[in-house]
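Everything on this sheet refers to the single structure shown next.
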Amino acid sequence: MAHVIATVIGLGLIAFILWWFFGRHEAAAAEATLAADAQQQTASVIVDGGYQPEVVTLKQGVPATLQFLRKDPSACLDRVVFPAWGINRPLPENQLETIEIDTSQPGEFEWACGMDMFHGKVIIK
Amino acid sequence: MTVTKRFWWSLGLSVPLLVNMLLMPLGVHLPGEAWGQLILTTLVMALSARPFLHTAWAAFKHHHANMDTLVAIGTLTAYLYSLYALATHRPVFFESAALVVTFVLLGQVFEERMRNRASDAVSKLGQLQAKTATVLRNGQPVAVALAQVRVGDLIQVKPGEKIAVDGTVVAGTSTVNEAMVTGESLPVTKQAGDTVIGATVNQTGTLTFRAEKVGDDTLLAQIVALVKKAQTSHAPIQKLTDQVADIFVPVVLIVAILTFLAWYVVLAAPFATALIYAVAVVVIACPCALGLATPTALMVGTGRSAKLGILIKDGEVLEQVNRLKTVAFDKTGTLTNGQPIVTDVVGNRQAVLRLAAALEQASEHPLAQAIVAAAPGALPPVTDFTAVQGQGVTGQIAGQASWVGQPALGPATLSAEQQMAWQRLEKEAKTVVAVGQGSQVVGLIALQDTPKKTTAPAIAALKAQGLTPVMITGDNQAVAEAIAHQVGIDQVVAQVLPAEKATVVQNLQAHGPVAFVGDGINDAPALTTADVGIAMGSGTDIAIDAGGIVLVKNDLRDVPLAIELSQKTFRRIKLNLFWAFIYNVLGLPIAAGLFAGVGLTLSPELAGLAMAFSSLSVVTSSVLLNRVPLVNER
């Protein structure tokens, strides 16, 4: 009996893992808020077991800053890396870290944690 | 709490558990065994493992998984089962949870130290910057902060001081140590008209120079920006590991569940035994080392090469260098000095050069300037100077008609001896001119754009690396072949118009990937067409965006060195990936109990230790890249 229950639970867990991690789930996305004079745009990203939001859309040509707030105590997310711009910045826990983004070129620019395990991206258009 | 603190807490609390574990086979039991284990492990979970649990849960909510997920599930499973076992008077294995946390943290502590050390190179480069500069304001020296220095400022540097920004010397003579920026080990002499590089150290005399590039435009700032970019870039080989976390981790969890079911249901093993196998699978599979393999090696490799004055743009370039078959060189200015010099004089050297230089001093022609530069002492005055188009120049010196150029310019013909010398020199692809006075030819002067001293050794080193050097030039075939022969190049593509260089590179690519070495300003199309563009610079005028590899020093021997460094770095990345994989690939079946039949198993705590060593070995291997001996290093 115990064997049957274990098998059912085990297979159920496998099905759940497949659905939860590989099923289609919408990634959180956000647009940056434009300052009143339209001369500055900012967006904040919460770092907690990943990035929230994972996609930030910025307007081309308007100076932009991303504010990262790391709430996650794990060492894995203690840096944020933007390969396209050579940015590799430590994120102190529970402190706002402001990163200036070069919005002169349109395109999609990925960012990742120091070990390239978690990803997010900036879309400039 | 920092990783290091969490590790020490967890280690301190785990020691009694470890002692107990070692004593158990000897039949010695510590007092209050199970309850003691419960208290110690609960503390470890609360103090040291909480961040793992936090991240794992936060990531889980976003449909993500990473190695914290594995650590959290592995330790939590062992902990929760042991709680149940304690309540129902079965054997507990609290120590597995505590020791796995300790070992994983041990790995992270090492990792953090090594990562800091690996990224050292760039921060050291940045710190080279001078803090202040002595600027002459209204003729008075005033100390100002570096940020206040403007283009056009006159800056004074005393011996021992750092040169603040890039500029040109207007007064003074000194030697400057440029090793920190260009990698050039010998001090360079500077006088009026020479360029100086910010952050280099003035040694012997006082210099006054005019600031030309400040802030982000300085060579050092550009180098730092480029190296930072290179260090955060991705190598294509890394694509493999990019997605590792989101796919690999859930797969491992599934494998762990299957392992449990196979042992418990199929093989009818006890519940606890099956659970331990599953936990070991989760722990051994942590892909930490995999994520570290490429970035750490890239960081160390590009950092080391930057110190040698070799800037490698990104990981993709590193990978391309490994496939190179051909290295094509632009001839003028790259293989050669770019300016003709006097190589031979037939006749009385002093007299011939003096006479020729006196006539040529008014001429702007590069050949004329080479002759003037070679002539000793004061020159006699010239009257009736005339330049004869395509022939040479004539004039009166000391009342006698004199000429330099084609023999037909004067009344005299070459002697038999001069005739032979003329032919011999022309065969060597030199430009020959006759020098005559009165009714005779007094001598011959041969000129050539000679190869740099460093060219022949650089070509030999490239051949030793198994690469084929090719010369691309606009010169005629004879001249090109003569120079190629001097430096050891066997393949020449001559009479190439500047705009055609890129096409020649394309043709060469039919035989395999090609690197093109050029000056970065005129050769931009060829540099971008080539699989690897190697731009050479001198002073502060380097076209830093021009090539995949930029050589700060104008030294051709840096080409084989750059190739060697790239190869070593790329091989290290591959080695790292191999080691990272081997741990997982070999460890996984053992942990799943596939070899339990022959007595080979892996407990969760040993799996944790193996994982810590896997990370440690990968990062150590990257840091050791700093010490790898290089054949071409001088």
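Computed from heavy atoms alone, side chains included, the values below leave out hydrogens, waters and symmetry copies. All chains are named by letter (A, B, ...) in the order of the sequence lines, taking the proteins before the strands, and each is independently numbered beginning at 1. Treat the numbers as computed from the prediction; the structure is a model and nothing was measured.
Across every non-hydrogen atom of A/D48 and B/H54, the tightest pair is OD1-NE2, 2.7 Å. Counting all heavy atoms, side chain and backbone alike, B/V251 lies closest to A/F22 at CG2-CZ, 4.3 Å. Minimum heavy-atom separation, A/G10 to B/I257: O-CG2, 3.6 Å.
Heavy-atom distances place no part of B/F271 under 4.5 Å from chain A, backbone and side chain included. For a residue to count as touching a neighbouring chain, one of its non-hydrogen atoms must lie under 4.5 Å from one of that chain's; by this rule B/V3 touches chain A with the side chain only. No part of B/R50 comes within reach of chain A, as not one of its non-hydrogen atoms sits under 4.5 angstrom from that chain. Contacts between B/Y264 and chain A at a heavy-atom distance below 4.5 Å involve backbone atoms as well as side-chain atoms. Heavy-atom distances place both the backbone and the side chain of A/A2 under 4.5 Å from chain B.
Within the 4.5 Å cutoff, the side chain of A/E54 has heavy atoms near those of the B/H64 side chain.
Counted within 6.0 Å of CH2 on B/W263, heavy atoms from surrounding residues, nucleotides or ligands total more than 12; the atom is thus considered enclosed.
Here the CG-CG distance, from A/L11 to B/L258, works out to 8.0 Å after rounding to the nearest 0.5 Å. In this structure, A/L13 CG and B/L261 CG are separated by 9.0 Å, a value rounded to the nearest 0.5 Å.
Applying a 4.5 Å heavy-atom cutoff, the residues of residues 14-21 of chain A that approach chain B are A/I14, A/F16, A/I17, A/L18, A/W20, A/F21. Listed by sequence position, A/W85, A/G86, A/I87, A/N88 are the residues of residues 85-102 of chain A in contact with chain B, using a 4.5 angstrom heavy-atom cutoff.
With chain A as the partner, the residue from B/H63, B/Q108, B/H62 showing the most heavy-atom pairs under 4.5 Å is B/H63.
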